[in-house]
Amino acid sequence: MKNLEIAKLFYLMAEFVEMEKTSFISIAYNKAGRILESLERDAEEIYNKGGIKELKKIPGIGEGIARKIEEYIKTGEIKRYLELKKKCPVDLEKLTSVEGLGAKRIKFLYEELKVKNLNDLEKVAKAGKIAGLDNFGEKSEKNILQSIEIAKVDKGRFLLGKILPRARNIINELKELPETEKINIAGSARRMKETVGDIDILIVSSNPEKIMDYFVKMKGVIKIWAKGETKSSVRFRTGFDCDLRVVKKESFGSALQYFTGSKDHNIATRRIAIKKKLKLNEYGVYRNNKQIAGKNEEDIYKSIGLHYIEPELRANTGEIEASLENKLPKLIKYNNIKGEIHCHSDWSDGSATIEELAKIAKGIGYQYLVITDHASPLGIVHGLDGGRILKQMKEIDKVNKKISGIKILKGTEVDIKADGTLFIEDSVLSKLDFVIGAVHSGFKMDKENMTRRITKAMENIHVDAIAHPSGRIIKKREGYQFNFSEILKVAKKTKTALEINAHESRLDLRDVNIRQAINTGVKLVIGTDVHNINYFKMMELGIAQARRGWAEKKDVLNTLSTDNFLKYFKK
DNA sequence: GCCGTTTTCGGCCCGACTGTTTTCAGTCG
């Protein structure tokens, strides 16, 4: 998948173009970057199928950008990018990560002081060479130095699972202030994106000053980027930024809509407003300068002729069109899950006993819990063999007798060997309620062989689902090469479900793949891959992932009752 | 560079905050 590589080049070209003057070319390049990032299919595949013509069918991609994509696919380079880079050979990625430095200032610093990278920048700033430049002063220089320090340790985007609890802590603290009338999370965290750049919080208050004063002095704040009447922005020691906006009651809905994004979703909604001779901004929807909506989000959408769109769908990937035609999916709800289907006990590499796990699951309100310990030759996971699985089944019978109100089901997460056969013999698998197959080794296999490996496993009648199908680890590992369309075809034929692994670092399947699976008629299960009792709460992330993939309750099998869940897999 | 029941040319979402300015450009989201 070259989409991300190409997207990056477009982002860089956008910055380079921006150096000359603010131009709509850079807007188009940036947009192309975002389109490529969220594209369901491989741009190369699209090109191979229908060339430039096919690429141009993607909204936002025209002749010029399609030609550049073609160039990259054919040569691995884009000439225009090389030319731009030659003109101003700077480490754009690093330099733009310094807060307050944009394309124009970077170009200026290169021309005046030959600043090419963070090191150069730090040197000239320390030497006091920046303060005297046109449009730069003492304060700019000081800010640059501070921002360099922060940029050095900046880790970019954060896992949703890591940032959500922090955001909730901040919100709970601000909620306590007497001046806070209403508070809500916004931004990509509200959209539940798998990674989040910073935390956005929205507050209704008639006394913004007090709120802002409190906010910038909160525990852990190491830098105040900005502090104004309606907007403040800070960096916390833990490495993330938090933006706070305060609005009046009558603008809460429009502000929430606006600050939730995504950017492309907002641009699309504003365009719809303009077509209807309305104006949409964070203060409301206006007709001839008279506010006709603003207090709540539902009214914002209604006033411009749209059905309400859930935050997880707001990515401008078809939700606006679906809303216009009243064809939005009825998304799976956060309380629809009836059982955990991926759980490791202390029989393999989990840390809790079967009984402990069952009690927690019961406490959550689940009807069932499937124990799926590793069946694997890998020593590190302490995998079970056929004999131990049979023993464990007896143990589960015992615990089931002891605990009421929840049914513990017998399962395994069985390794799919390189040739597509399974680590456990069919005679044992046939006795289990639920078998989830997984690839845990040989990740580097080529595309064809990996596809064959997984499809062969799915052809085994005892395999009910495939765990973390792509094998990716967010920010660490790409995942293995395989032909997803082929996997879907076989999954559909064999009635094999695909897992949405809800672990914060996996979230595997990706949202775009979930959508493909649903469109193909393939069923899903959501599992948190429990290894200790704290994992259960990651179910929220898995459901969010499903929602971003347009999944409805009927698409996810562990929304079924115990009986129906078991019935589905009886073949 | 993209796009079209406003246009094949002339638009392109819109506003807050900062710093260095005497009215605004750059940056950010």
Side-chain angles (χ1 to χ4, degrees), chain A residues 10 13-35 55-69 78 80 95-109 130-144 147 186-189 191 196-202 208 212 216 224-234 241-247 251 254-255 257-286 304 316:
Chain A
F10 277 109
M13 284 194 283
E15 291 286 347
F16 278 126
V17 169
E18 184 86 15
M19 286 176 173
E20 302 305 327
K21 60 175 196 285
T22 303
S23 115
F24 290 103
I25 298 174
S26 69
I27 292 176
Y29 283 165
N30 268 322
K31 194 175 171 197
R34 294 196 301 272
I35 289 167
L55 285 172
K56 278 171 71 179
K57 283 186 188 162
I58 304 167
I61 307 258
E63 183 73 23
I65 287 173
R67 291 258 171 237
K68 289 184 175 63
I69 295 174
I78 297 177
R80 180 81 185 117
L95 288 174
T96 49
S97 74
V98 176
E99 188 82 11
L101 274 195
K104 293 188 176 62
R105 291 186 155 182
I106 289 171
K107 183 189 180 220
F108 185 72
L109 289 171
I130 289 180
L133 299 173
D134 280 356
N135 287 313
F136 284 90
E138 299 267 326
K139 225 163 181 174
S140 311
E141 189 169 88
K142 208 177 125 209
N143 271 334
I144 284 172
S147 299
S188 53
R191 301 200 313 278
V196 174
D198 56 18
I199 299 172
D200 290 295
I201 296 172
L202 189 66
M212 291 306 184
V216 299
I224 301 167
W225 297 118
K227 179 175 181 255
E229 260 177 63
T230 65
K231 176 187 161 179
S232 291
S233 179
V234 302
D241 289 340
C242 183
D243 290 356
L244 179 68
R245 330 255 180 164
V246 180
V247 295
S251 294
S254 43
Q257 196 277 331
Y258 177 58
F259 294 126
T260 296
S262 72
K263 191 188 178 76
D264 289 326
H265 176 87
N266 284 351
I267 291 172
T269 50
R270 283 182 184 207
R271 288 175 88 114
I272 288 178
I274 290 168
K275 268 190 195 155
K276 293 187 183 293
K277 306 252 186 266
L278 301 168
K279 187 169 114 171
L280 167 60
N281 60 26
E282 55 258 57
Y283 300 108
V285 180
Y286 296 86
I304 59 171
N316 196 27

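Every value quoted in this text rests on a predicted model; they were computed, and no experiment measured them. Lettering of chains follows the sequences in order, A, B, ..., and the numbering in each one begins at 1.
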Report the distance from atom [atom1] of [X] to atom [atom2] of [N], rounded to the nearest whole Å.
{"X": "A/Ile35", "N": "B/dG1", "atom1": "CD1", "atom2": "C1'", "result": "11 Å"}
{"X": "A/Asp241", "N": "B/dT27", "atom1": "CG", "atom2": "P", "result": "17 Å"}
{"X": "A/Ile25", "N": "B/dG11", "atom1": "CD1", "atom2": "C1'", "result": "15 Å"}
{"X": "A/Lys57", "N": "B/dC2", "atom1": "NZ", "atom2": "P", "result": "17 Å"}
{"X": "A/Arg80", "N": "B/dG1", "atom1": "CZ", "atom2": "C1'", "result": "11 Å"}
{"X": "A/Ile58", "N": "B/dC3", "atom1": "CD1", "atom2": "P", "result": "10 Å"}
{"X": "A/Asp243", "N": "B/dT27", "atom1": "CG", "atom2": "P", "result": "18 Å"}
{"X": "A/Lys277", "N": "B/dT5", "atom1": "NZ", "atom2": "C1'", "result": "12 Å"}

Regarding A/Ser147 and A/Glu99, is there a side-chain donor-to-acceptor distance under 3.5 Å anywhere?
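Short answer, no.
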
Quick one: look up who B/dT8 pairs with, Watson-Crick or G-U, both distances under 3.5 Å, and put none if it's unpaired.
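By the stated definition (distances under 3.5 Å), nothing pairs with B/dT8.
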
I want to check something: taking the side chain as every heavy atom from C-beta on, are A/Thr96 and A/Leu101 in contact at a cut-off of under 4.5 Å?
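A/Thr96 vs A/Leu101: side chains apart.
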
Pairwise 5' ranking along DNA chain B for A/Asp200 and A/Pro59, keeping only the more 5' one:
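Per heavy-atom nearest nucleotide, the more 5' residue is A/Pro59.
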
Whichever of A/Lys31 and A/Ile106 has its nearest DNA chain B nucleotide further upstream toward 5'
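Closest to the 5' end, via its nearest nucleotide, is A/Lys31.
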
Taking atom [atom1] in both [N] and [M], compute the distance separating them and give it to the nearest angstrom.
{"N": "B/dC17", "M": "B/dC9", "atom1": "C1'", "result": "36 Å"}
{"N": "B/dC3", "M": "B/dT8", "atom1": "C1'", "result": "9 Å"}
{"N": "B/dG10", "M": "B/dA16", "atom1": "P", "result": "31 Å"}
{"N": "B/dG26", "M": "B/dT20", "atom1": "C1'", "result": "11 Å"}
{"N": "B/dT5", "M": "B/dG1", "atom1": "P", "result": "23 Å"}
{"N": "B/dC13", "M": "B/dC2", "atom1": "P", "result": "15 Å"}
{"N": "B/dG11", "M": "B/dT7", "atom1": "C1'", "result": "9 Å"}
{"N": "B/dC12", "M": "B/dT23", "atom1": "C1'", "result": "26 Å"}

Which part of the nucleic acid does A/Ile65 contact within heavy-atom distance under 4.0 Å: base, sugar-phosphate only, or nothing?
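Sugar-phosphate only.
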
For A/Lys68, which contact category applies under a 4.0 Å heavy-atom criterion: base, sugar-phosphate, or nothing?
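The answer is sugar-phosphate, as A/Lys68 gets under 4.0 Å only of primed atoms, P, OP1 or OP2.
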
If you draw the axis of the six-membered ring of A/Phe16, does the NZ or CZ of A/Arg80 fall within 45° of it and under 6.0 Å from the ring centre?
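No, A/Arg80 does not lie over the aromatic ring of A/Phe16.
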
Give every donor-acceptor pair under 3.5 Å between a side-chain atom in residues 265-276 of chain A and any protein atom, sequence neighbours left out.
| residue | atom | partner | partner atom | Å |
| --- | --- | --- | --- | --- |
| A/His265 | ND1 | A/Glu319 | OE2 | 2.7 |
| A/His265 | NE2 | A/Tyr301 | OH | 2.8 |
| A/Asn266 | ND2 | A/Tyr258 | O | 2.8 |
| A/Thr269 | OG1 | A/His265 | O | 3.2 |
| A/Thr269 | OG1 | A/Asn266 | O | 2.8 |
| A/Arg270 | NE | A/Leu280 | O | 3.3 |

Working to the nearest 0.5 Å, report the span between CZ of A/Arg191 and OG of A/Ser262.
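The CZ atom of A/Arg191 sits 5.0 Å away from the OG atom of A/Ser262.
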
Using 0.5 Å steps for rounding, measure from the OG atom of A/Ser232 to the CD1 atom of A/Ile201.
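Interatomic distance, A/Ser232 OG to A/Ile201 CD1, rounded to 0.5 Å: 11.5 Å.
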
Indicate for each nucleotide in nucleotides 12-20 of chain B, in 5' to 3' sequence, whether protein heavy atoms under 4.0 Å reach the base (B), only the sugar-phosphate (S), or nothing (-).
BBBSSSSSS

Is it the case that more than 12 heavy atoms not belonging to A/Glu229 sit under 6.0 Å from its CD atom?
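Not buried by this count: 12 neighbours or fewer within 6.0 Å.
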
Which residue in the set A/Lys31, A/Glu18, A/Glu20 passes side chain to side chain donor-acceptor pair (under 3.5 Å) when paired with A/Ser26?
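Output: one option passes, namely A/Glu18.
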
